Amino acid sequence: MLLLLLGIIILHVAALVLLFVSTIVSEWTTGDTGTSDLWTNCTLLNDGYKCNPASAEEWIQAVQALMILSIIFSVISLFLFFCQLFTLQKGGRFFLTGTFQILASLFVMSAAIIYTLMSPGWVAATEGFGYAYILAWVAFPLAFISGIIYVILRKRE
């Protein structure tokens, strides 16, 4: 049982780290002429990079909000797991923890879908998706799987 709990915690922390990195790092789209992320749009010029804040369009603000919500819900889920681990009765399920983690996964999935559909109008056509965008997509199934495991998991003595 201890190894199972350790594995679940490692899976949850891995998803949380991926969420943090994908939200913070400026590599959602990348190309020869610059990079773009949720917060800035950087262009390579002769004298170096010139970074401008992200546009004030609704879709990029929705992506920003959803990524931040996914981090908040995942942190709350981890906190709830530790609280329920010590307060839940024998045989109880971690429904609340799993619900928050599944919501976090749905938030990151929604953010990545919105970015996928709307970014071609914001960045140059020669640019491709960067590693932070890919990390967001990897965080989605990890968070979803950990949420499902929390829902299925029963507390034992």
Side-chain angles (χ1 to χ4, degrees), residues 1-30 35-42 53-123 127-157:
M1 183 65 178
L2 186 61
L3 287 176
L4 178 65
L5 290 176
L6 184 63
I8 292 170
I9 292 169
I10 289 172
L11 180 65
H12 191 130
V13 170
L16 189 58
V17 166
L18 290 177
L19 288 173
F20 268 112
V21 171
S22 65
T23 303
I24 295 170
V25 175
S26 63
E27 292 284 331
W28 275 63
T29 55
T30 185
T35 62
S36 301
D37 70 343
L38 305 180
W39 315 104
T40 59
N41 194 352
C42 297
S55 69
E57 294 182 38
E58 292 86 7
W59 73 268
I60 193 71
Q61 291 177 351
V63 174
Q64 292 169 347
L66 286 168
M67 289 302 292
I68 291 171
L69 278 173
S70 69
I71 291 171
I72 291 170
F73 272 59
S74 189
V75 168
I76 290 172
S77 176
L78 188 61
F79 177 74
L80 284 172
F81 175 67
F82 285 118
C83 288
Q84 286 184 319
L85 193 59
F86 296 110
T87 60
L88 198 63
Q89 295 178 0
K90 181 180 177 184
R93 293 184 185 249
F94 296 88
F95 283 121
L96 192 59
T97 302
T99 301
F100 272 85
Q101 189 67 359
I102 290 171
L103 284 174
S105 72
L106 294 177
F107 288 148
V108 71
M109 179 194 69
S110 299
I113 288 172
I114 292 170
Y115 194 86
T116 302
L117 295 175
M118 300 302 290
S119 65
W122 185 50
V123 297
E127 295 186 2
F129 292 112
Y131 71 91
Y133 170 81
I134 295 168
L135 290 179
W137 274 113
V138 171
F140 159 63
L142 291 180
F144 188 76
I145 290 169
S146 69
I148 295 297
I149 290 172
Y150 283 135
V151 170
I152 295 171
L153 186 67
R154 287 186 182 269
K155 183 178 179 185
R156 295 183 182 169
E157 286 294 324

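What you are looking at is a predicted structure, and each value in this text was computed from that prediction instead of being measured.
Contact annotation: the side chain of Phe81 never approaches that of Leu96 to less than 4.5 Å [non-hydrogen atoms, C-beta and beyond]. Contact annotation: the side chain of Trp39 approaches that of Thr23 to within less than 4.5 Å [non-hydrogen atoms, C-beta and beyond].
Classification of the Trp28-Tyr115 ring pair by plane angle, with boundaries at 30° and 60°, yields perpendicular. Note on ring orientation: taking the six-membered ring where Trp is involved, the planes of Phe107 and Phe73 are perpendicular (angle over 60°, cut-offs 30° and 60°).
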Between Val108 and Leu18, does the side chain to side chain contact (heavy atoms under 4.5 Å, CB included) criterion hold? Intermediate values first, please. CA-CA 11 Å; Val108 71; Leu18 290 177; over 6 Å; no

Apply side chain to side chain contact (heavy atoms under 4.5 Å, CB included) to the pair Asn41 and Thr29, showing each step before the final yes or no. CA-CA 9 Å; Asn41 194 352; Thr29 55; over 6 Å; no

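By the side chain to side chain contact (heavy atoms under 4.5 Å, CB included) test, Thr30 pairs with Glu27, Thr35, sequence neighbours left out. Applying the side chain to side chain contact (heavy atoms under 4.5 Å, CB included) rule to Ile10 yields the partners Leu6; only residues at least two apart in sequence or on another chain are considered. Residues satisfying the side chain to side chain donor-acceptor pair (under 3.5 Å) criterion with Ser22, sequence neighbours excluded, are absent altogether. Residues that satisfy the side chain to side chain contact (heavy atoms under 4.5 Å, CB included) test with Ile102, not counting sequence neighbours, are Ser105, Leu106, Phe144, Ile148, Val151.
Between Leu19 and Met67, the closest heavy-atom pair is O-CE, 4.3 Å. Of all non-hydrogen atoms in Trp59 and Ile114, the two that sit nearest each other are O-CG2, 3.8 Å. Of all heavy-atom pairs between Leu16 and Ile71, the closest is CD1-O, 4.0 Å. Of all non-hydrogen atoms in Leu142 and Ala15, the two that sit nearest each other are CB-CB, 3.9 Å.
Here the CD1-CD1 distance, from Ile8 to Ile149, works out to 5.5 Å after rounding to the nearest 0.5 Å. Rounded to the nearest 0.5 Å, atoms CG (Leu11) and OG (Ser146) are 5.0 Å apart. The CD1 atom of Ile76 lies 12.5 Å from the OG1 atom of Thr99; values are rounded to the nearest 0.5 Å. Leu69 CG to Leu103 CG: the interatomic distance, rounded to the nearest 0.5 Å, is 10.0 Å. Here the CE-CD distance, from Met118 to Glu58, works out to 9.0 Å after rounding to the nearest 0.5 Å. With rounding to the nearest 0.5 Å, the separation of CG in Leu78 from CZ in Phe82 is 5.0 Å.
Residue pairs meeting the side chain to side chain donor-acceptor pair (under 3.5 Å) criterion with at least one member in residues 62-79, sequence neighbours excluded, are His12-Ser74, Ser74-Gln101.
For CG of Leu117, the number of neighbouring non-hydrogen atoms (other residues, nucleotides, ligands) closer than 6.0 Å is greater than 12.
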Please list every donor-acceptor pair under 3.5 Å in which a side-chain atom of residues 130-141 meets a protein atom from a residue at least two apart or in another chain.
from, atom 1, to, atom 2, distance (Å)
Tyr133, OH, Thr116, OG1, 2.4
Tyr133, OH, Trp137, NE1, 3.0

